[in-house]
A.B. asks: 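Before anything else, here's the structure in question.
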Amino acid sequence: MRYDLVIFDNDGVLIDSEPLSNTVLAGYLTELGHPTSYEESIRDYMGSAMHRIHELVMERTGQRLPEDFDDVFHSRVFAAFERELKPVPGARETLEKLAADGVPYCVGSSGSHERIRVGHRATGLDRWFPAGRVFSSQDVGRGKPAPDLFLYAAREMGVAPERCVVVEDSPLGVQAAVAAGMDVYGFTAMTSAEKLTEAGATALFADMAELLELLG
């Protein structure tokens, strides 16, 4: 393989969480007096850390979200995960293949460590991700589209940025990978090929089976 490390985004790439979490987010923001459709939530917040939600609402309305916003949101999302969350089709097989081939990989997610753990447990993906392979925006000062998270993951895994490839499904994540000096493969399951290409994706794929071919 031409890379020394594969960094996976989590939501929408390994676990099929974006429809659930954005449904919850849109509903909660609307409930708080900030009318938001599911499509708007996907457009504005998919792939971002929690601070971006607070910043955009403040920017647009001049109002702060409640102090317990994050806690309430996560409790609702985790409940939805426990009821409905599934792995992205092909994610298990991809991880099995990488592990069998001895290819180093990890997660670099905008979600909190708790959110990552809950999602992995609910889908059975936790077996492939011990603590040393899980990196969250909580670990760095700035979330995506800043490169901090991916650079941190590469450093902790002992791999130079130019020897890493990132697997992402959001324009914000693609931008972060490009800013980190890494190649990035854009997963088009929920985001258009055009948007991921505009963000700087090195290559595109629509099915996890294609990813292994891209990785070589």
Side-chain angles (χ1 to χ4, degrees), residues 5-26 28-29 34 36-60 65 69-70 73-74 77 88 91 105-116 119 134-155 161 164-206 208 211 214:
L5 177 65
V6 182
I7 305 176
F8 288 96
D9 175 44
N10 191 53
D11 294 288
V13 170
L14 294 174
I15 60 174
D16 194 16
S17 53
E18 295 292 7
L20 296 176
S21 60
N22 282 282
T23 296
V24 171
L25 179 57
Y28 188 27
L29 287 173
H34 307 290
T36 306
S37 69
Y38 170 78
E39 292 76 16
E40 289 168 338
S41 182
I42 290 285
R43 181 194 68 200
D44 294 341
Y45 304 119
M46 181 174 158
S48 67
M50 290 298 294
H51 66 79
R52 178 177 170 86
I53 302 172
H54 291 264
E55 290 165 359
L56 280 184
V57 170
M58 171 60 77
E59 179 183 313
R60 291 169 174 175
L65 291 171
F69 178 86
D70 291 14
F73 171 66
H74 282 124
V77 168
V88 167
Y105 63 88
C106 65
V107 157
S109 173
S110 292
S112 66
H113 278 284
E114 183 181 14
R115 178 185 172 118
I116 298 167
V134 176
F135 304 100
S136 161
S137 61
Q138 285 183 314
D139 301 324
V140 295
R142 301 179 298 170
K144 305 170 188 177
D148 305 36
L149 173 58
F150 292 141
L151 291 172
Y152 175 75
R155 185 166 63 249
C164 299
V165 63
V166 175
V167 184
E168 265 287 355
D169 71 330
S170 75
L172 289 175
V174 171
Q175 291 168 18
V178 171
M182 301 175 181
D183 283 353
V184 53
Y185 293 160
F187 185 35
T188 61
M190 287 196 63
T191 306
S192 71
E194 181 182 8
K195 288 184 178 180
L196 294 178
T197 299
E198 288 176 354
T202 309
L204 303 171
F205 68 103
M208 274 293 162
L211 176 60
L214 284 173

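Not measured: the values here are computed from a predicted model. We're numbering straight along the sequence, starting at 1.
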A.B. asks: I would like to know whether His113 and Asp139 meet side-chain contact (heavy atoms from CB on, under 4.5 Å); could you show each step before the answer?
C.D. replies: CA-CA 9 Å; His113 278 284; Asp139 301 324; 2.9 Å; yes
A.B. asks: Side chains of Val13 and Val88: closer than 4.5 Å at any heavy-atom pair?
C.D. replies: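 Sidechains of Val88 and Val13: no contact.
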A.B. asks: Under the criterion side-chain contact (heavy atoms from CB on, under 4.5 Å), I'd like the reasoning laid out for Glu114 against His74: C-alpha separation, chi angles, the key distance, then a yes or no.
C.D. replies: CA-CA 9 Å; Glu114 183 181 14; His74 282 124; 5.7 Å; no
A.B. asks: Of all the heavy-atom pairs spanning Ala146 and Ala176, show the shortest one and how long it is.
C.D. replies: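 The pair with the smallest heavy-atom distance is O-CB, 3.3 Å.
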A.B. asks: For the atom pair OG (Ser137) and CD1 (Ile116), what is the distance rounded to the nearest 0.5 Å?
C.D. replies: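 One finds 7.5 Å between OG of Ser137 and CD1 of Ile116.
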A.B. asks: Taking all non-hydrogen atoms of both residues into account, name the closest pair between Ala193 and Leu204 and its distance.
C.D. replies: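 Minimum heavy-atom separation between Ala193 and Leu204: CB-CD1, 3.5 Å.
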A.B. asks: In Å, rounded to the nearest 0.5 Å, how long is the span from OG of Ser17 to CG of Asn22?
C.D. replies: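 Rounded to the nearest 0.5 Å, the OG-CG separation comes to 8.5 Å.
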A.B. asks: Just by modelled atom types, is the Asp169 backbone N or O under 3.5 Å from a matching donor or acceptor in the Thr191 side chain?
C.D. replies: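 Confirmed, Thr191 side chain pairs with Asp169 backbone.
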A.B. asks: What verdict does the side-chain contact (heavy atoms from CB on, under 4.5 Å) test give for Val77 and Leu20, after you've listed the backbone C-alpha separation in whole Å, the side-chain angles of each residue and the deciding distance to 0.1 Å?
C.D. replies: CA-CA 7 Å; Val77 168; Leu20 296 176; over 6 Å; no
A.B. asks: For a ring-ring contact (aromatic ring centres under 6.0 Å, His included) with Phe135, tell me which candidate from Tyr152, Phe8, Tyr105, Phe150 qualifies.
C.D. replies: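 Exactly one option meets the ring-ring contact (aromatic ring centres under 6.0 Å, His included) with Phe135, and it is Tyr152.
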A.B. asks: Taking only residues two or more places apart in sequence, or in another chain, which ones meet Thr202 in a side-chain hydrogen bond (donor to acceptor under 3.5 Å, both in side chains)?
C.D. replies: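 None.
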A.B. asks: Taking side chain to side chain contact (heavy atoms under 4.5 Å, CB included) as the test, write out the residues that go with Ala189, two or more places apart.
C.D. replies: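 Side chain to side chain contact (heavy atoms under 4.5 Å, CB included) check on Ala189 returns Phe187.
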A.B. asks: Does Glu18 use its side chain to pair, donor to acceptor, with the backbone of Ile42 at less than 3.5 Å?
C.D. replies: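 Absent.
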A.B. asks: What closest approach, in Å, do Gln175 and Pro145 show between heavy atoms, and which atom pair accounts for it?
C.D. replies: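 That would be OE1-CB, 3.5 Å.
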A.B. asks: Under the ring-ring contact (aromatic ring centres under 6.0 Å, His included) definition, can you give me all pairs with a residue in residues 165-184, not counting sequence neighbours?
C.D. replies: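 Of all non-adjacent pairs touching residues 165-184, none passes ring-ring contact (aromatic ring centres under 6.0 Å, His included).
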A.B. asks: Stepwise, does the side-chain contact (heavy atoms from CB on, under 4.5 Å) test hold for Asp9 with Val166?
C.D. replies: CA-CA 7 Å; Asp9 175 44; Val166 175; 5.7 Å; no
A.B. asks: To the nearest 0.5 angstrom, please state how far the CG atom of Asp70 sits from the CZ atom of Arg115.
C.D. replies: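 The CZ atom of Arg115 is 11.0 Å from CG of Asp70, to the nearest 0.5 Å.
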A.B. asks: Please confirm whether the backbone N or O of Phe205 pairs with a side-chain atom of Thr188, one donor and one acceptor, at under 3.5 Å?
C.D. replies: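 It does hold such a pair.
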A.B. asks: Of all the heavy-atom pairs spanning Val6 and Val167, show the shortest one and how long it is.
C.D. replies: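 Scanning both residues, the minimum pair turns out to be CG1-CG2, 3.9 Å.
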A.B. asks: Taking ring-ring contact (aromatic ring centres under 6.0 Å, His included) as the test, write out the residues that go with His34, two or more places apart.
C.D. replies: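 Partners of His34 under the ring-ring contact (aromatic ring centres under 6.0 Å, His included) test: none.
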A.B. asks: Do you know which two heavy atoms are closest between Gly186 and Ala201, and how far apart they sit?
C.D. replies: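 Taking every non-hydrogen atom into account, N-CB, 4.2 Å.
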A.B. asks: Report yes if the side chains of Met50 and Ser112 come closer than 4.5 Å at any heavy-atom pair, otherwise no.
C.D. replies: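 Side chain of Met50 against side chain of Ser112, heavy atoms only: no contact under 4.5 Å found.
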A.B. asks: Does any N or O in the side chain of Ser110 come within less than 3.5 Å of the main-chain N or O of Gly47, such that one atom is a donor and the other an acceptor?
C.D. replies: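 It does hold such a pair.
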A.B. asks: Side chains of Phe73 and Leu29: closer than 4.5 Å at any heavy-atom pair?
C.D. replies: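 No - every pair of side-chain heavy atoms lies 4.5 Å or more apart.
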A.B. asks: Show me the pairs that pass salt bridge (charged side-chain N to carboxylate O under 4.0 Å, His left out) and involve residues 188-199, at least two apart or across chains.
C.D. replies: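 Every pair satisfying salt bridge (charged side-chain N to carboxylate O under 4.0 Å, His left out) with a residue in residues 188-199: there are none.
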A.B. asks: Measure the spacing between CD1 of Ile53 and CG of Leu25 and express it to the nearest 0.5 Å.
C.D. replies: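 Separation between the atoms: 4.5 Å.
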A.B. asks: Indicate the atoms forming the closest heavy-atom contact of Pro171 with Ala199, along with that distance.
C.D. replies: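 In this case the closest contact between Pro171 and Ala199 is O-CB, 3.7 Å.
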A.B. asks: Which salt bridge (charged side-chain N to carboxylate O under 4.0 Å, His left out) pairs, counting each pair once, include a residue from residues 38-55, with sequence neighbours left out?
C.D. replies: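 Listed by first then second residue: Asp44-Arg60.
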A.B. asks: To the nearest 0.5 Å, how far apart are CG in Leu172 and NZ in Lys144?
C.D. replies: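 Those atoms lie 9.0 Å apart.
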A.B. asks: Measuring from Ser109:OG to Ile7:CD1, what's the distance to the nearest 0.5 Å?
C.D. replies: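 One gets 12.5 Å once the value is rounded to the nearest 0.5 Å.
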